[in-house]
Protein chains: 2
Amino acid sequence: MAGIKEIARRANVSISTASYALNDSPKVKAETKARILEIAKELNYIPNMAGRTLKKQKTDLIGIYLTNYGGAFYGSLMKGITDGLNAEGYDVIICSGEKSHLFVPEKMVDGAIILDSTFPTEEIKNYVDRGHSIVVLDRRIKYKQLCNILLDNKRGSTIAIDLLSENNPEKIYLVTGPKDTYDSEERLKYAVKQLDYLEIEFEIIQGDFSKNGGTLAADIIYKKGQKNQHVFCLNDEMAIGMYDFFAETEWEIGQDIQIIGFDDTEVSRYVKPRLTTIRYSKEKWGAMAAAKLIAMLKGESVKNEIIRTHLVRGGSVK
Amino acid sequence: MAGIKEIARRANVSISTASYALNDSPKVKAETKARILEIAKELNYIPNMAGRTLKKQKTDLIGIYLTNYGGAFYGSLMKGITDGLNAEGYDVIICSGEKSHLFVPEKMVDGAIILDSTFPTEEIKNYVDRGHSIVVLDRRIKYKQLCNILLDNKRGSTIAIDLLSENNPEKIYLVTGPKDTYDSEERLKYAVKQLDYLEIEFEIIQGDFSKNGGTLAADIIYKKGQKNQHVFCLNDEMAIGMYDFFAETEWEIGQDIQIIGFDDTEVSRYVKPRLTTIRYSKEKWGAMAAAKLIAMLKGESVKNEIIRTHLVRGGSVK
DNA sequence: CTGTTAGCGCATTCAC
DNA sequence: GTGAATGCGCTAACAG
């Protein structure tokens, strides 16, 4: 409603003087400034973002791209990201859906942090080419100024297999995430590597990182009718799906079937027995992403980082 | 980089013709249009949002305001909201932090859905006065075109108390949320009403809707040294905090202490024993909010709605 | 069908 | 210290 020009008119000053006053420029006499500010308050003036953006060519906004099932991370990851970014004057919006990818080239956001496997790599590269600052958390992309903050999947998978191997299992089931998902493939790769090294048999069950995927995988294992099985679910979500399944059977988790997950989600802490899993600090992950993005925005060149992973023991593995 | 004028220049047409072509207007010859579009593709053209917004005075964006601990709702609530809004051509962004409140008056979003008790009521009213479309989910505000979608706290609280009363408890503890939180006060009010009606004693413990708040409340109850207690936690989060506490003691939930919560969060489904609680469809809640907002944006006048609540039985109450 | 032109709301350079 | 003028990128009314 009330634009800057209305204020200028009422204060009997030019538009530019009004603008200076509102932006607290030293070029305006204190007295005049006060008068203008008062009128602005009276008129309930709030600057229009589009106008300002058009002129300044920046929004001070950062877009965070999360997938649907990213909901599990929401809390702590976002805290890490937001704290860092806010401190530097940036505001954060969470985006989802294909259309919102355009926020980047449309310059609605000054930068982006991506943890969303549905965001195509080619698109990301394209935006980097256009000069946008992007930090990617869910895959490895070596490309110009692009920055990756990845989890130490190698260490995580190795630890997981090592733990399961202590029981001298005949074989170990590996339940994967969707095809072409970086974290799934990495975790699988290193798990297999360690299994080979330890000379343990294994069987891969195609999963999808969802609860339902875990339930289906559990069904496959259960139907074979052999108790005393060992499973590495490549994420917790699927492990929980297995809990759902076995709750309906006579098999006891931690006894008849040993399960280890990856991610240490909140639910994993509360299931009985507590899920043994691989943990990493989601808050640190977010904070690191924020720090790197800020550096990029300042024109500094940044290096990729790895977030450390470690074991959390629960009753789901003997 | 490449703006519309660059395209116009290369295509030897005027800026407006280029604009028309890009907006698929019938005012441009198919042939010309094709040529312009081709050049645009070549130049990797993407329109600048600020420019477009400034002109069109709308962004087709809806802001969703969620509090921190809203993380628990993220998944299903957002699905309900997003599905409805996307279908009408709106895109959704999740906002948090005080600064982002300004997105509304700055016209960065065409409308807002608020589930964030830190968003001051006065501010909301102010924005409504300015003509913005807002749907509020976390408090009752009777104000002009403002729309409220609230939970049926009355029914929920009444059911909760009724259930606990079946055990003929000497007294019932009520653990509240933060002061001045609508849902907390409502749930408390109706719980007390029902307790009075049933002539059951009760004691109110001030909580804060956080896990830690629940833990502290549990400590208070435990320290009294009297087993066989009954508690109505006004949200699940606090109930889970109680689980945390009692896990460290010899008291058994569902046996020595009966707990009922409110919200039916995911974790509540997995704790042992399963938390007895009050459920409502978060997805329906979100869908309703979306539907109402769309109606408002179309200039229709809308009525408030109530989301039905009902009991989910778990082992935490005998 | 296509070009000219005038803003949308604001920040900023350059005179005065 | 203040004002006039310009342009950010785009749309749309108006001419032609």
Side-chain angles (χ1 to χ4, degrees), chain A residues 1-37 39-40 43-61 102-110 130-132, chain B residues 1-37 39-40 43-61 102-110 130-132:
Chain A
M1 285 292 166
I4 197 174
K5 77 174 69 158
E6 172 73 8
I7 294 178
R9 202 177 55 70
R10 297 218 194 185
N12 282 319
V13 294
S14 78
I15 284 184
S16 71
T17 305
S19 174
Y20 282 133
L22 291 168
N23 289 302
D24 201 30
S25 155
K27 307 182 74 175
V28 175
K29 218 189 331 186
E31 186 190 348
T32 323
K33 194 184 292 183
R35 187 161 47 90
I36 295 176
L37 255 38
I39 292 180
L43 260 43
N44 217 331
Y45 170 77
I46 294 186
N48 173 294
M49 154 153 269
R52 182 166 18 92
T53 301
L54 197 50
K55 184 64 187 179
K56 308 201 18 168
Q57 296 292 17
K58 58 189 288 249
T59 58
D60 290 331
L61 243 49
L102 286 173
F103 293 169
V104 176
E106 278 177 335
K107 297 193 170 189
M108 223 211 61
V109 295
D110 291 350
R130 288 166 163 268
H132 298 289
Chain B
M1 284 292 164
I4 196 173
K5 76 174 68 157
E6 172 72 8
I7 294 178
R9 201 176 56 70
R10 298 220 194 184
N12 282 318
V13 294
S14 79
I15 285 185
S16 70
T17 305
S19 174
Y20 283 132
L22 292 167
N23 289 305
D24 200 30
S25 154
K27 309 182 69 175
V28 178
K29 217 191 328 185
E31 186 191 348
T32 323
K33 194 185 289 184
R35 186 161 48 93
I36 294 177
L37 255 37
I39 293 180
L43 259 45
N44 217 330
Y45 169 77
I46 293 186
N48 174 295
M49 152 155 270
R52 185 169 12 97
T53 300
L54 195 51
K55 185 63 189 178
K56 309 203 14 170
Q57 297 292 18
K58 59 189 289 250
T59 58
D60 291 332
L61 245 47
L102 286 173
F103 292 169
V104 177
E106 277 177 336
K107 297 193 171 190
M108 222 209 61
V109 294
D110 291 351
R130 287 166 163 267
H132 298 289

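These numbers come from the heavy atoms of this one structure, side chains and all, not from hydrogens, waters or symmetry mates. Chain identifiers are assigned alphabetically (A, B, ...) following the order of the sequence lines, protein sequences preceding nucleic acid strands; residue numbering begins at 1 within each chain.
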J.: Would you mind listing every salt bridge (Lys or Arg N to Asp or Glu O under 4.0 Å) that reaches into residues 7-18 of chain B, with sequence neighbours excluded?
T.: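 For residues 7-18 of chain B, and leaving out neighbouring residues, the salt bridge (Lys or Arg N to Asp or Glu O under 4.0 Å) pairs sorted by first residue read B:Glu6-B:Arg9, B:Glu6-B:Arg10.
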J.: For A:Lys58 and C:dC10, give me the distance from atom NZ to atom C1', rounded to whole Å.
T.: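 The distance from NZ of A:Lys58 to C1' of C:dC10 comes to 15 Å, rounded to the nearest Å.
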J.: Compare every heavy atom of A:Gly51 with every heavy atom of B:Leu54, then report the nearest pair and how far apart it is.
T.: CD1-N, 3.7 Å
J.: Which heavy atom of B:Thr59 sits nearest a heavy atom of B:Met108, and at what distance?
T.: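 Heavy atoms only, the tightest pair is OG1-O, 3.0 Å.
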J.: Base, sugar-phosphate, or nothing: which does A:Leu22 touch, judged by heavy atoms less than 4.0 Å apart?
T.: nothing
J.: Quick one: A:Asn12 CG to D:dG3 P, roughly how many Å, whole number?
T.: 9 Å
J.: Has B:Ser16 got a side-chain N or O lying under 4.0 Å from the OP1 or OP2 atom of D:dA12?
T.: no
J.: Which nucleotide, C:dG3, D:dT11, C:dC8, lies nearest any side-chain atom of B:Asn23?
T.: D:dT11
J.: Rounded to whole Å, how long is the line connecting atom CG of B:Asp24 with atom P of D:dT11?
T.: 13 Å
J.: Is there a side-chain polar atom (N or O) of B:Ser14 under 4.0 Å from OP1 or OP2 of C:dG3?
T.: yes
J.: Rounded to the nearest Å, what distance is computed from the CD1 atom of residue A:Ile4 to the P atom of nucleotide C:dT12?
T.: 11 Å
J.: Within this structure, what is the CZ-to-P distance between B:Arg52 and C:dG9, rounded to whole angstrom?
T.: 17 Å
J.: Is the phosphate of C:dC8, meaning OP1 or OP2, less than 4.0 Å from a side-chain N or O of A:Asn48?
T.: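 Answer is no, no contact under 4.0 Å.
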J.: List in numerical order all residues of residues 26-36 of chain A for which some heavy atom is under 4.0 Å away from an atom belonging to DNA chain D.
T.: A:Pro26, A:Lys27, A:Val28, A:Lys29, A:Thr32
J.: Side chain of B:Lys55 only, heavy atoms from C-beta on: which candidate in C:dA11, D:dG3, C:dA6 is closest?
T.: C:dA6
J.: Output the rounded distance in Å from CE (B:Met49) to P (D:dT11).
T.: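 Going from CE in B:Met49 over to P in D:dT11 covers 11 Å.
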J.: Answer yes or no: does a side-chain N or O of A:Gln57 lie under 4.0 Å from OP1 or OP2 of D:dG9?
T.: yes
J.: Kindly say whether A:Lys58 contributes a backbone atom to a donor-acceptor pair with the side chain of A:Asp110 at under 3.5 angstrom?
T.: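 No; zero donor-acceptor contacts below 3.5 Å.
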J.: Going by heavy atoms in the side chains, are A:Ile4 and A:Tyr45 under 4.5 Å from each other?
T.: yes
J.: Please report, rounded to the nearest Å, how far the P atom of C:dA6 is from the CD1 atom of B:Ile15.
T.: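 Spelled out: CD1 on B:Ile15 to P on C:dA6 is 14 Å.
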J.: Name the residue closer to the 5' end of DNA chain C, choosing between B:Tyr20 and A:Lys56 according to the nucleotide with the nearest heavy atom.
T.: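 Looking at DNA chain C, the more 5' nearest nucleotide goes with B:Tyr20.
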J.: Quick one about B:Ser14 and B:Thr17 (side-chain donor to acceptor, distance below 3.5 Å, no hydrogens or angles considered), yes or no?
T.: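 The criterion, which ignores hydrogens and geometry beyond distance, is satisfied for B:Ser14 and B:Thr17.
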J.: Using whole Å, what does the distance between atom P of nucleotide D:dC8 and atom CE of A:Met108 come to?
T.: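 Taking CE of A:Met108 and P of D:dC8, I get 22 Å after rounding.
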J.: When you get a sec, tell me which of C:dC10, C:dG3, D:dG9 is the closest nucleotide to the side chain of B:Leu54?
T.: D:dG9
J.: Would the distance check show the side chain of A:Asn48 and the main-chain N or O of A:Ala50 forming a donor-acceptor pair, the cut-off being under 3.5 Å?
T.: yes
